[in-house]
Amino acid sequence: MLLGFISLLLTVGQGPISRICISEKVAGTWHPCRDEEETGDSSNEESEQKITGRRLLAAFFGSYEEIPRRVLAGGGSDNCPEGKVPFVSSDGIHQLHIFIFVLAVFHVLYSVLTMALGRLKMKRWKRWEEETKTADHQFSNDPERFRFARDTSFGRRHLSFWTKNSVLIWIVCFFRQFVRSVPKVDYLTLRHGFIMAHLAPQSHSQFDFRKYIKRSLEEDFKVVVGISPPFWFIAVVFLLFNTHGWYSYLWMPFIPLIILLLVGTKLQVIITEMGLRIHQGGVVLKGVPLVQPGDHLFWFNRPGIILNLINFVLFQNAFQLAFFSWSALQFGIRSCFHSHTEDVVIRISMG
């Protein structure tokens with residue numbers, strides 16, 4: 001709906017926008033192509049195709065005299081005095097309509113895929129939840145049983161020599177996110193801590209922690225799929241840095257990947273820190289280890305930062321793949337948007 005509203009505003013303001021004129025000197029900067037590529041001559045067929053594609057790019061950025069002044073069906077003509085060109089040409093606004101549609105498609109696909117992967121992962125937890133209702137589970141987790149904290153399953157996983165060093169904790173947790181990021185022992189321990197904090201102890205066998213997580217996922221999903229003004233600002237920055245000389249294809253697609261790995265590592269560190277707090281409370285514990293989640297375990301005491309970072313990764317990936325698809329369809333796969341083979345490989349693989 002938001003993307004559709006933006007497209008509607010572009011349609012209404014197409015005439016006034018196309019009449020905003022700037023000097024050719026200013027319009028000749030911040031291009032994705034080298035100047036010699038944009039104005040170069042060649043006699044072979046391949047070069048003619050490239051020049052055609054570059055003229056399309058020039059039409060989008062509105063900066064070349066050889067672009068014909070044509071009136072589009074949407075209305076509005078590009079009429080600027082000599083020495084000036086439109087800030088965004090009518091053809092450029094038309095291309096923006098197409099790009100917004102492609103972005104909406106990719107954002108919806110990413111959102112559906114995110115929810116589907118979340119629910120697929122929770123299917124594994126269903127049998128763990130059913131196991132908590134068996135007599136064997138209740139016997140093995142006797143609340144009157146005394147044990148050393150390190151001898152519990154949760155303690156053996158999170159209390160080791162590497163937990164004494166803050167650097168080693170991050171290194172181990174970084175690799176743990178790739179192998180069973182939510183193992184059975186962590187799930188059951190978090191379930192026990194939640195019930196003890198919010199429900200009566202006798203609710204252990206009746207409460208379905210998996211259904212609660214599922215409802216939480218649906219609530220968090222509203223935040224994750226949103227598109228906020230800061231994200232639009234970041235998208236504009238991405239377009240500005242997609243300029244010749246900045247080599248944005250070598251570093252910008254890796255930003256979402258780095259954030260994603262950082263978030264995954266932080267969530268693993270949080271669980272490990274909860275285990276350390278149990279050990280600091282006493283060497284011997286009674287019953288199941290009781291973890292105590294809190295806002296203080298997150299960055300700046302704000303758990304919402306994690307959701308916002310996941311939201312950013314989702315939008316940025318959708319934006320970059322949409323930009324790649326739009327530019328490839330409109331200007332060709334070998335246009336100056338993607339003049340390097342490694343550019344195409346990096347954008348697709350990272351997306």
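All values below were derived from every heavy atom in this structure, side-chain atoms included, with hydrogens, water molecules and symmetry-related copies excluded. Counting from 1, the numbers follow the sequence of the chain as shown.
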Close aromatic pair by centroid cut-off 6.0 Å: His198 and Phe194: yes
More than 12 heavy atoms from other groups under 6.0 Å of CZ on Phe178: yes
Hey, is the main chain of Thr265 close enough, under 3.5 Å, to the side chain of Gln268 for a donor-acceptor pair? no
Is the number of heavy atoms from other residues, nucleotides or ligands under 6.0 Å of Gln292 CD greater than 12? no
Give a yes or no on whether the ring-centroid distance for Phe319 and Phe99 is below 6.0 angstrom. yes
Treating Ser327 as the side-chain partner and Phe324 as the backbone partner, does any N or O pair qualify as donor plus acceptor under 3.5 Å? yes
What distance do Asn311 atom CG and Ile306 atom CD1 have between them, rounded to the nearest 0.5 Å? 13.0 Å
Trp326 and Gln95: side chain donor to acceptor below 3.5 Å: yes
Below 30° counts as parallel, above 60° as perpendicular, anything between as tilted: where do the rings of Trp125 and Tyr187 land? tilted
Is a side-chain N or O of His107 found less than 3.5 angstrom from the main chain of Val225, in a donor-acceptor match? yes
Determine whether a donor-acceptor pair (N or O, by modelled atom type, separation under 3.5 Å) exists between the side chain of Arg210 and the backbone of Met122. yes
Check whether Ile270 and Leu168 end up in the same hydrophobic cluster, where Ile, Leu, Val, Met, Phe, Trp and Tyr are linked by side-chain heavy atoms less than 4.5 Å apart. yes
I'd like to know if Lys214 pairs up with Glu219 as an ion pair, taking the criterion as any Lys NZ or Arg NE/NH1/NH2 lying under 4.0 Å from an Asp or Glu carboxylate oxygen. no
Measure across Asn301 and His296 and return the closest heavy-atom pair with its distance rounded to 0.1 Å. OD1-CA, 3.0 Å
Are Trp232 and Ile310 linked, directly or through intermediate hydrophobic residues, by side-chain heavy-atom contacts shorter than 4.5 Å (ILVMFWY only)? yes
dist Asp220:CG -> Thr114:OG1 (nearest 0.5 Å) comes out at 12.5 Å
Please test Arg191 against Glu129 for salt bridge (charged side-chain N to carboxylate O under 4.0 Å, His left out), starting from the C-alpha separation and ending with a verdict. CA-CA 9 Å; Arg191 177 184 184 275; Glu129 192 65 39; 2.9 Å; yes
Under 3.5 Å donor-acceptor, Asn317 side chain and Pro256 backbone: no
Please determine if Arg157 and Asp186 form a salt bridge, counting it only when a charged side-chain N lies under 4.0 Å from a carboxylate O. yes
Parallel, tilted or perpendicular for Phe209 and Tyr212, by the 30°/60° rule? parallel
What pair of heavy atoms forms the shortest contact from Leu10 to Ile93, and how long is it? O-CG2, 4.2 Å
Verify same cluster id: Leu117, Leu261 (apolar side-chain graph, 4.5 Å): no
Under 4.5 Å between any side-chain heavy atoms of Pro86 and Arg19, yes or no? no
Shortest non-hydrogen pair, Val167 vs Asn165, comes out as N-OD1, 2.8 Å
